[in-house]
Asker: 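Handing you a structure now.
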Amino acid sequence: MSEPGYDKEHAKEAGEIARLLSYGLLLFASVGLFLSANAIPPSRFERLGAGAFPKIVFAGIALVAVIAIIDALRKIRHEAFGRFLGETVRWAQRRYLVFICLAALAACLVAIPVLGFSLASFLFIFGLELVLMPRRPVPIFIGLLVAITFSFGLNWLFAEVFNVYLPRGVL
């Protein structure tokens, strides 16, 4: 299935831009992990410390990512960035529900320390159900039961059966 004005050259440029973005993510992750390796407590038995090996590995990954980014930028024509930026925006607009789900998950993860696991996961599950399911009484009632079961019920299961206490939150 091809779109108007889409050819092999556009596909090649799109692939190069995708690679460039993945190299950028690898660079970002490796720098973050390199910095977090500073938190590894030092050992009495090693002169370099326990964080030396992870730092070397992540520095190497970051160096390779920088080289790959430079190579990818060299292969991409400047006009391709503007064209594919517009295509990317249209692509994201067609998949807005995915971004809503990711935003809801991020909000849930941020809310867990404050609200606790049960309440944060209930709001996450029920909120997503309201966004994704038909808004009629029976599906809403079923969604409410599912949200209660997988938030408060899961918390009960972990606490009573497995003796693992999920975060309670400040409230």
Side-chain angles (χ1 to χ4, degrees), residues 14-15 17-69 72 88-171:
I17 290 175
R19 280 187 204 87
L20 176 65
L21 293 174
S22 67
Y23 299 150
L25 287 174
L26 278 173
L27 177 63
F28 178 74
S30 62
V31 168
L33 290 169
F34 178 87
L35 294 174
S36 69
N38 288 326
I40 298 175
S43 171
R44 295 185 311 169
F45 305 108
E46 321 175 37
R47 184 177 292 188
L48 292 176
F53 181 71
K55 285 182 182 179
I56 292 169
V57 169
F58 295 130
I61 293 171
L63 179 63
V64 170
V66 167
I67 293 169
I69 287 171
T88 303
V89 168
R90 286 190 298 280
W91 173 86
Q93 288 172 339
R94 289 190 307 266
R95 288 154 180 86
Y96 71 96
L97 287 175
V98 172
F99 294 107
I100 288 174
C101 292
L102 288 173
L105 177 62
C108 177
L109 293 175
V110 169
I112 284 176
V114 177
L115 300 177
F117 173 81
S118 295
L119 189 55
S121 62
F122 171 78
L123 293 173
F124 168 70
I125 294 169
F126 192 60
L128 274 183
E129 288 174 339
L130 288 176
V131 169
L132 298 174
M133 70 182 185
R135 290 176 194 87
R136 293 189 304 269
V138 172
I140 289 175
F141 179 71
I142 292 171
L144 185 64
L145 290 178
V146 168
I148 289 171
T149 302
F150 284 99
S151 57
F152 295 101
L154 196 61
N155 191 25
W156 175 85
L157 176 72
F158 271 81
E160 298 299 323
V161 177
F162 302 125
N163 288 327
V164 174
Y165 298 98
L166 299 174
R168 298 203 187 272
V170 179
L171 300 178

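All of these numbers come straight from a predicted model, not from anything done at the bench.
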Asker: Output the distance between atom CG (Leu63) and atom OG (Ser30), rounded to the nearest 0.5 Å.
Answerer: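 If I round to the nearest 0.5 Å, the distance is 9.5 Å.
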Asker: Enter the distance from Phe117:CZ to Asn155:CG here, rounded to the nearest 0.5 Å.
Answerer: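 One gets 6.5 Å once the value is rounded to the nearest 0.5 Å.
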Asker: Can you see which heavy atom on Val31 is nearest to which on Ala62, and at what distance?
Answerer: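 Shortest heavy-atom separation between Val31 and Ala62 comes out as CG2-CB, 4.4 Å.
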Asker: Check the orientation of Trp91 and Phe99. Use parallel for under 30°, tilted for 30 to 60°, and perpendicular for over 60°.
Answerer: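 The arrangement is perpendicular - the two ring planes meet at more than 60°.
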Asker: Within a reach of under 6.0 Å around CZ of Phe152, are more than 12 heavy atoms found that belong to other residues, nucleotides or ligands?
Answerer: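 For Phe152, atom CZ is crowded (more than 12 foreign heavy atoms under 6.0 Å).
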Asker: Could you grab the distance from atom CD1 of Ile17 to atom OG of Ser22, nearest 0.5 Å is fine?
Answerer: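 The CD1 atom of Ile17 sits 12.0 Å away from the OG atom of Ser22.
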Asker: Please find the pair of heavy atoms, one from Leu119 and one from Leu115, that lie closest to each other, and give the distance.
Answerer: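 The answer is CB-O, 3.7 Å.
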Asker: Look at the aromatic rings of Phe122 and Phe126 and report parallel, tilted or perpendicular, splitting at 30° and 60°.
Answerer: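 Rings of Phe122 and Phe126: parallel, as their planes differ by under 30°.
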Asker: In Å, rounded to the nearest 0.5 Å, how long is the span from CG of Leu33 to NZ of Lys55?
Answerer: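 NZ of Lys55 is found 13.0 Å from CG of Leu33.
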Asker: Measuring only between side-chain heavy atoms, which start at C-beta, is Leu154 closer than 4.5 Å to Ser121?
Answerer: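 SC-SC contact between Leu154 and Ser121 ruled out.
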Asker: In Å and rounded to the nearest 0.5 Å, what is the CZ to CD1 distance from Phe34 to Ile56?
Answerer: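 Phe34 CZ to Ile56 CD1: 9.0 Å, rounded to 0.5 Å.
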Asker: Which pair of non-hydrogen atoms, one from Leu144 and one from Glu129, has the smallest distance, and what is that distance?
Answerer: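 Looking at all heavy atoms of both residues, the shortest contact is N-OE1, 4.1 Å.
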Asker: Return the minimal non-hydrogen interatomic distance between Ala37 and Pro54, and the atom names on each side.
Answerer: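 Closest approach of Ala37 to Pro54: CB-CB, 4.2 Å.
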Asker: Set out, in order, the CA-CA distance, both residues' side-chain angles and the distance that settles side chain to side chain contact (heavy atoms under 4.5 Å, CB included) for Cys101 and Leu132, then state yes or no.
Answerer: CA-CA 9 Å; Cys101 292; Leu132 298 174; 4.3 Å; yes
Asker: Can a donor-acceptor pair be found, under 3.5 Å and without considering hydrogens, that links the side chain of Arg135 to the backbone of Leu130?
Answerer: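 Such a contact is found between Arg135 side chain and Leu130 backbone.
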Asker: Rounded to the nearest 0.5 Å, what separation is found between the CG atom of Leu109 and the CZ atom of Phe124?
Answerer: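 Between Leu109 CG and Phe124 CZ, I get 8.0 Å after rounding to 0.5 Å.
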Asker: Sort out for me which residue in Ile142, Ile140, Val146 forms a side-chain contact (heavy atoms from CB on, under 4.5 Å) with Met133.
Answerer: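 Answer after filtering Ile142, Ile140, Val146: Ile140.
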